[in-house]
Enquirer: 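Mind having a look at this structure? Questions to follow.
Quick note: residue numbers are just sequence positions, from 1. Since the structure is predicted, the reported quantities are computational estimates derived from the model, not experimental observations. Excluded from the calculations below are hydrogen atoms, water molecules and symmetry mates; all remaining heavy atoms, backbone and side chain alike, are included.
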Amino acid sequence: MTDTIVKFDKVVKRFGDLTVLNKLDFNVRKGEKVSIIGPSGSGKSTVLRILMTLEGINEGSVTVDEEPLWHERNASGELIAASEAHLRKMRGKLGMVFQHFNLFPHMTVLRNITEAPVQVLGLSKADARLRAEELLELVGLSDQANKYPSQLSGGQKQRVGIARALAMRPSILLFDEPTSALDPELVGEVLNVIGKLADEHDLTMLLVTHEMRFAREISDRVCFFDRGRIREEGAPEDIFTDPTEVRTREFLQAVLN
């Protein structure tokens, strides 16, 4: 047994002639909080999209909780391309908080959170509602349950997105630039909720972010991506205080100044 819950092994992802991930090796341990930083186009968000099975891979393998993500074993024990049933099962291990919220506009906050647990997990409506009410309290939105997304601020929408992801009880929580679509004065309320989750819950968290100070505070490890590979990784104090790679120093100087 291993404590590795996510493993990318020589993963290649191309979009046409553009190679976005270039034989990427990347591991995440159970309970670890990892931030991925790097310039636009370096492959950061593609890692999350592959984990959520929103994008396939061209080469290599991805393992989640010791099971192949994009492959499964047939009756003879051979690896074959994953069926939709296998992908659906694997998706249940992960929850994702999207950059642009992706809430259902015609559903109330409560129903946005309860819909998937009822339809996918088979929870009763009463149990799903109880779970949703607990999560809304966690993210500080108990009084917003019957509102629609159009009636919420951006920060409130993103906190609903976090509650919705948690409602599926994932082992791994993914955040794709969760504050980049927010007005500056709303960023803090979302970061506070994410920080609370990191402090109080034994979740594995993978965060793609441009909030460098927050990444430094929340992370067990920071990975600097450049040109589809990890150029440098380490403890936050090492990466942000004394990076060894020139490219890492150039990037941090540009974004911090």
Enquirer: Is F26 close to V47 at the side-chain level, that is, under 4.5 Å between some pair of heavy atoms?
Expert: yes

Enquirer: Applying salt bridge (Lys or Arg N to Asp or Glu O under 4.0 Å), run through D65 and K93 and close with a yes or a no.
Expert: CA-CA 8 Å; D65 205 13; K93 299 174 184 287; 3.5 Å; yes

Enquirer: Which heavy atom of I5 sits nearest to which heavy atom of S171, and what is that distance?
Expert: CD1-CB, 4.1 Å

Enquirer: Does one hydrophobic cluster hold both L174 and I37, with members joined at side-chain heavy-atom distances below 4.5 Å?
Expert: no

Enquirer: Which atom names give the shortest non-hydrogen contact between P149 and F104, and what distance separates them?
Expert: CG-O, 3.6 Å

Enquirer: Enter the distance from D220:CG to S35:OG here, rounded to the nearest 0.5 Å.
Expert: 9.0 Å

Enquirer: Any side-chain heavy atom of D176 within less than 4.5 Å of one from M96?
Expert: yes

Enquirer: For L182, does its backbone N or O pair with a side-chain atom of T179 as donor and acceptor, under 3.5 Å?
Expert: no

Enquirer: Distance-only, no hydrogens or angles: does the T63 side chain make a donor-acceptor pair with backbone N or O of E66 under 3.5 Å?
Expert: no

Enquirer: Rounded to the nearest 0.5 Å, what separates atom CG in L51 from atom CD1 in I172?
Expert: 7.0 Å

Enquirer: First locate atom CZ of R14, then atom OG1 of T19, and finally report the distance between them rounded to the nearest 0.5 Å.
Expert: 5.5 Å

Enquirer: Among V160, V193, I162, which residue meets the side-chain contact (heavy atoms from CB on, under 4.5 Å) test with L141?
Expert: V160

Enquirer: Tell me, with the steps shown, if L130 and E134 meet side chain to side chain contact (heavy atoms under 4.5 Å, CB included).
Expert: CA-CA 6 Å; L130 186 62; E134 291 172 351; 4.1 Å; yes

Enquirer: Do other residues, nucleotides or ligands put more than 12 heavy atoms under 6.0 Å from E137 CD?
Expert: no

Enquirer: Rounded to the nearest 0.5 Å, what's the gap from OG1 on T248 to CD on Q253? Could you check?
Expert: 10.5 Å

Enquirer: If the condition is ring-ring contact (aromatic ring centres under 6.0 Å, His included), which residues does F251 pass it with, not counting sequence neighbours?
Expert: F224

Enquirer: Does the pair K10/E59 count as a salt bridge with the N-to-O cut at 4.0 Å?
Expert: no

Enquirer: Between I230 and L252, is there a shared hydrophobic cluster once you connect ILVMFWY residues whose side-chain heavy atoms come closer than 4.5 Å?
Expert: no

Enquirer: Between atom CG of L21 and atom CD of E55, what is the distance when rounded to the nearest 0.5 Å?
Expert: 10.0 Å

Enquirer: State plainly whether the residues E245 and R249 are in salt-bridge range, i.e. N to O under 4.0 Å.
Expert: no

Enquirer: Kindly check if the number of other-residue, nucleotide or ligand heavy atoms within 6.0 Å of CZ (R247) is above 12?
Expert: yes

Enquirer: Which heavy-atom pair separates P178 from I194 by the least distance, and what is that distance?
Expert: CG-CD1, 3.9 Å

Enquirer: To the nearest 0.5 Å, what is the distance between CG on L166 and CG on L138?
Expert: 6.5 Å

Enquirer: Show, in sequence, the C-alpha distance, side-chain angles and deciding distance for E177 and S45, and conclude whether the side-chain hydrogen bond (donor to acceptor under 3.5 Å, both in side chains) test is met.
Expert: CA-CA 8 Å; E177 300 275 15; S45 291; 5.5 Å; no

Enquirer: Determine, step by step, whether Q158 and V97 satisfy the side chain to side chain contact (heavy atoms under 4.5 Å, CB included) criterion, reporting the C-alpha distance in whole Å, the side-chain angles of both residues, the deciding distance to 0.1 Å, and the verdict.
Expert: CA-CA 8 Å; Q158 194 57 290; V97 178; 3.1 Å; yes

Enquirer: Would a hydrophobic clustering, with Ile, Leu, Val, Met, Phe, Trp and Tyr connected at side-chain separations under 4.5 Å, put Y148 with I113?
Expert: no

Enquirer: Please tell me if the side chains of K89 and E67 come closer than 4.5 Å, counting only heavy atoms from C-beta onward.
Expert: yes

Enquirer: Provide the closest heavy-atom pair for M90 versus V64 in the form atom of the first, atom of the second, distance.
Expert: CE-O, 3.5 Å

Enquirer: So among T4, D3, V34, which one has a side-chain contact (heavy atoms from CB on, under 4.5 Å) with N27?
Expert: T4

Enquirer: Identify whether NZ of Lys or CZ of Arg in K13 sits under 6.0 Å from the centre of the six-membered ring of F15 and within 45° of that ring's axis.
Expert: yes

Enquirer: Compare all side-chain heavy atoms of P117 with those of M168 and state whether any distance is below 4.5 angstrom.
Expert: yes

Enquirer: Kindly give the heavy-atom pair with the smallest separation between P39 and K44, and that separation in Å.
Expert: O-NZ, 3.0 Å

Enquirer: Looking at R221 and A235, would you say the former's side chain and the latter's main chain have a donor-acceptor pair under 3.5 Å?
Expert: no

Enquirer: Do you know which two heavy atoms are closest between R216 and P236, and how far apart they sit?
Expert: O-CB, 3.5 Å

Enquirer: Is there side-chain contact between R49 and T46, with at least one heavy-atom pair below 4.5 Å?
Expert: no

Enquirer: Using the rule given for side chain to side chain contact (heavy atoms under 4.5 Å, CB included), can you reason through R164 versus L103, listing the C-alpha separation, both sets of side-chain angles and the distance that settles it, and then say yes or no?
Expert: CA-CA 9 Å; R164 181 182 59 180; L103 301 178; 3.8 Å; yes

Enquirer: Using side chain to side chain contact (heavy atoms under 4.5 Å, CB included) as the criterion, list what pairs up with N74, not counting sequence neighbours.
Expert: S76, E78, I80

Enquirer: For P68, does its backbone N or O pair with a side-chain atom of H86 as donor and acceptor, under 3.5 Å?
Expert: yes

Enquirer: Keeping the roles fixed (side chain from N112, backbone from T108), state whether a donor-acceptor pair exists under 3.5 Å.
Expert: yes

Enquirer: Between S153 and L186, is there a side-chain heavy-atom distance shorter than 4.5 Å?
Expert: yes

Enquirer: Show your reasoning for whether side chain to side chain contact (heavy atoms under 4.5 Å, CB included) applies to V208 and Q99.
Expert: CA-CA 10 Å; V208 170; Q99 183 175 346; over 6 Å; no

Enquirer: Can you tell if the side chain of F240 reaches within under 4.5 Å of the side chain of V222, non-hydrogen atoms only?
Expert: yes

Enquirer: For a 4.5 angstrom cut-off between non-hydrogen side-chain atoms, does D9 reach D25?
Expert: yes

Enquirer: Residues in salt bridge (Lys or Arg N to Asp or Glu O under 4.0 Å) with R131, at least two apart?
Expert: none

Enquirer: Could you go through T53 and R91, starting from their C-alpha distance and side-chain angles, then the distance that decides it, and tell me whether this counts as side-chain hydrogen bond (donor to acceptor under 3.5 Å, both in side chains)?
Expert: CA-CA 7 Å; T53 71; R91 280 184 210 119; 2.5 Å; yes

Enquirer: Spell out, yes or no, whether L206 and L197 are grouped together once hydrophobic residues are joined by side-chain heavy atoms under 4.5 Å, including indirect joins.
Expert: no

Enquirer: Taking a hydrophobic cluster as the set of Ile, Leu, Val, Met, Phe, Trp and Tyr residues connected by side-chain heavy atoms closer than 4.5 Å, whether directly or through intermediates, do V12 and L48 fall within one such cluster?
Expert: no

Enquirer: Quick check on side-chain contact (heavy atoms from CB on, under 4.5 Å): which of D238, T244, V246, D226 does E232 satisfy it with?
Expert: T244

